[in-house]
2 protein chains.
Amino acid sequence: MGLGKNYEGQDCSLARSLELLGERWTLLIVRDALYGVRRYGDFLSHLDIPRAVLSQRLSALVDAGVMERRRYQESPPREEYVLTGKGKELWPPVLALAQWGERHMSAAGPRRVFRHVPCDAPIGAGATCSVCGAHVPAGEVEIWPGPGADLTREDPVSVALRGPHRMLEPLP
Amino acid sequence: MGLGKNYEGQDCSLARSLELLGERWTLLIVRDALYGVRRYGDFLSHLDIPRAVLSQRLSALVDAGVMERRRYQESPPREEYVLTGKGKELWPPVLALAQWGERHMSAAGPRRVFRHVPCDAPIGAGATCSVCGAHVPAGEVEIWPGPGADLTREDPVSVALRGPHRMLEPLP
DNA sequence: CGGGTCAGTTCAGTGAATGAACTAGGATGG
DNA sequence: CCATCCTAGTTCATTCACTGAACTGACCCG
């Protein structure tokens with residue numbers, strides 16, 4: 001998507017968001033990051049994204065302050081990408097889009113189920129807990145495979161997500 | 001975005017949604033439709049979108065059951081595009097993305113303010129009313145210009161949005 | 001030294017977006 | 001009745017972005 005090139009005339013915060021997030025692949029990268037994916041190679045194998053695009057998108061997310069690139073070992077030097085606070089706040093829109101897709105685009109039932117850990121209760125509309133009713137931050141969410149989950153993928157991230165997993169905890 | 005071409009390997013409802021909604025311009029068209037825009041020419045002048053792209057996107061939205069194309073006058077024959085129930089349910093994700101943009105991408109303050117009409121109260125996170133706490137459907141929302149609004153645009157939709165407007169009501 | 005891994009970059013080919021011009025059905029006005 | 005205008009598109013050449021494959025470079029292991 002033409003970064004900064006087009007949506008500029010739009011008098012709308014949605015357009016501001018989409019200049020960054022509306023690019024192909026970008027929201028899927030953020031979703032994976034929320035799940036806990038941190039390494040270049042894991043994004044690559046889980047998303048099946050061209051390497052050049054992944055590099056460009058990660059740089060854009062870092063430049064926008066949504067992710068942070070940091071060295072997690074010195075020898076050999078290895079970088080990881082983690083969400084900043086700004087990035088973690090993308091959890092409600094990502095969930096809202098996923099829930100819409102689940103209701104309207106997914107025939108086989110939910111692929112993933114999200115639970116509020118303190119309440120051990122499912123999460124409903126607007127990222128609120130169905131028991132305590134509070135807005136649930138990403139860190140209090142556990143991801144479970146749902147009935148519509150695809151069990152054929154063999155990349156490390158897909159394999160790790162066959163069991164429950166706390167969101168934002170490193171994966172795999 | 002490669003419709004049906006790429007995100008297919010993705011085991012995720014978000015990817016299903018993005019195959020349709022992740023294409024350039026599509027969510028902005030949905031936003032305008034939520035505001036009440038219905039006619040080809042109004043989308044065109046408000047969005048500054050190439051005609052060919054608008055035609056393709058509207059067709060895709062109609063094919064996906066998000067919008068409905070219908071004749072609103074016979075002579076001369078004129079078509080309008082209105083959101084279906086499935087389309088109106090995109091209001092929570094659209095709002096969530098716009099709110100994120102407002103918090104993190106908009107320096108000048110909110111461009112638009114949304115109010116829950118029965119309660120006359122602002123709408124908060126998760127498309128819930130800040131007074132009654134209920135989930136607010138798009139039809140109960142009124143749009144007001146906010147402090148960051150751009151008052152220089154002169155297309156009919158921008159002009160109409162300088163005053164308050166009930167969402168989904170025909171615009172302009 | 002040879003082979004392997006990780007994290008990228010480079011590059012040619014393809015497909016989509018863009019803007020301008022064109023089309024078509026009907027209304028409007030003199 | 002002819003010229004012009006309006007709305008809603010389609011067509012087309014150009015530009016741009018995405019894609020997949022190959023390549024680079026830093027480092028480790030045996």
Side-chain angles (χ1 to χ4, degrees), chain A residues 1-10 18-20 22-29 32 37-63 67-82 155-157 170 172, chain B residues 1-10 18-20 22-29 32-33 37-62 67-82 155-157 170 172:
Chain A
M1 208 171 278
L3 265 157
K5 184 167 164 258
N6 222 298
Y7 295 168
E8 300 229 316
Q10 290 299 311
L18 292 177
E19 277 176 20
L20 173 69
E23 306 241 9
R24 193 149 158 63
W25 296 110
T26 302
L27 271 180
L28 292 177
I29 292 170
D32 271 19
V37 177
R38 295 175 168 215
R39 287 193 297 277
Y40 185 90
D42 288 333
F43 286 110
L44 202 64
S45 64
H46 188 229
L47 292 173
D48 269 323
I49 178 179
R51 307 176 85 91
V53 177
L54 179 58
S55 299
Q56 193 274 321
R57 295 297 190 275
L58 287 171
S59 300
L61 287 166
V62 169
D63 291 348
M67 299 186 96
E68 188 191 350
R69 181 176 192 264
R70 66 185 186 205
R71 182 156 295 190
Y72 67 95
Q73 72 177 34
E74 288 296 335
S75 171
R78 290 284 183 261
E79 316 288 340
E80 64 181 2
Y81 297 86
V82 289
D155 60 277
V157 174
Chain B
M1 209 171 275
L3 266 157
K5 183 168 167 257
N6 221 300
Y7 294 168
E8 300 230 318
Q10 288 301 310
L18 291 178
E19 278 177 20
L20 174 68
E23 305 241 10
R24 192 148 158 63
W25 296 108
T26 302
L27 272 181
L28 292 178
I29 292 170
D32 271 19
V37 177
R38 297 177 167 211
R39 287 193 298 276
Y40 186 89
D42 288 332
F43 285 111
L44 203 62
S45 64
H46 189 229
L47 292 172
D48 269 322
I49 177 179
R51 308 176 86 91
V53 178
L54 179 58
S55 299
Q56 193 275 321
R57 294 297 190 274
L58 287 171
S59 300
L61 287 167
V62 169
M67 297 186 96
E68 187 192 349
R69 182 178 192 262
R70 66 184 187 206
R71 182 156 296 193
Y72 68 94
Q73 71 178 35
E74 286 297 336
S75 171
R78 291 284 181 263
E79 317 287 338
E80 65 180 2
Y81 297 86
V82 288
D155 61 276
V157 173

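What you see is a predicted model, and the numbers here were worked out from it, not measured in a lab. Chain identifiers are assigned alphabetically (A, B, ...) following the order of the sequence lines, protein sequences preceding nucleic acid strands; residue numbering begins at 1 within each chain.
Residue whose closest nucleotide on DNA chain D sits further toward the 5' end, between A:Glu74 and A:Val53: A:Val53.
Counting heavy atoms from C-beta on, the side chains of B:Ile29 and B:Ile49 come closer than 4.5 Å.
Taking all atoms of both residues into account, the shortest heavy-atom contact from A:Glu74 to A:Arg71 is OE2-CD, 3.3 Å. When every heavy atom of A:Asp32 is checked against every heavy atom of A:Phe43, the shortest pair comes out as CB-CE2, 3.7 Å.
Partners of B:Arg69 by side chain to side chain donor-acceptor pair (under 3.5 Å), not counting sequence neighbours, listed by chain and number: B:Tyr81.
In this entry the distance linking CG of A:Leu54 with C1' of C:dT9 reads 13 Å, nearest Å. Between A:Ile49 atom CD1 and C:dT9 atom P there is a gap of 13 Å when expressed in whole angstrom units. A:Asp155 places its CG atom 17 Å from the C1' atom of C:dC6, with the value rounded to the nearest Å. Computed from coordinates, the A:Leu44 CG to C:dT5 P distance equals 15 Å when rounded to whole Å.
Both tests do not hold together for A:Arg78 against A:Tyr40: distance to the six-membered ring centre under 6.0 Å, angle to the ring axis within 45°.
Here the options are B:Arg39, B:Arg38, B:Glu79, the test is side chain to side chain contact (heavy atoms under 4.5 Å, CB included), and the partner is B:Tyr72; only B:Arg39 passes.
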Tabulated below should be each protein N or O lying under 3.5 Å from an N or O of nucleotides 7-10 of chain D; please produce it.
residue, atom, partner, partner atom, Å
D:dT7, O4', B:Arg78, NH2, 3.1
D:dA8, OP2, B:Gly41, N, 3.0
D:dA8, N7, B:Arg51, NH2, 3.0
D:dG9, OP1, B:Arg69, NH2, 2.5
D:dG9, OP2, B:Tyr81, OH, 3.0
D:dG9, N7, B:Arg51, NE, 2.9
D:dG9, N7, B:Arg51, NH2, 3.1
D:dG9, O6, B:Arg51, NE, 3.1

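Within the 4.0 Å cut-off from OP1 or OP2 of D:dC18, not a single side-chain nitrogen or oxygen of A:Trp25 is found.
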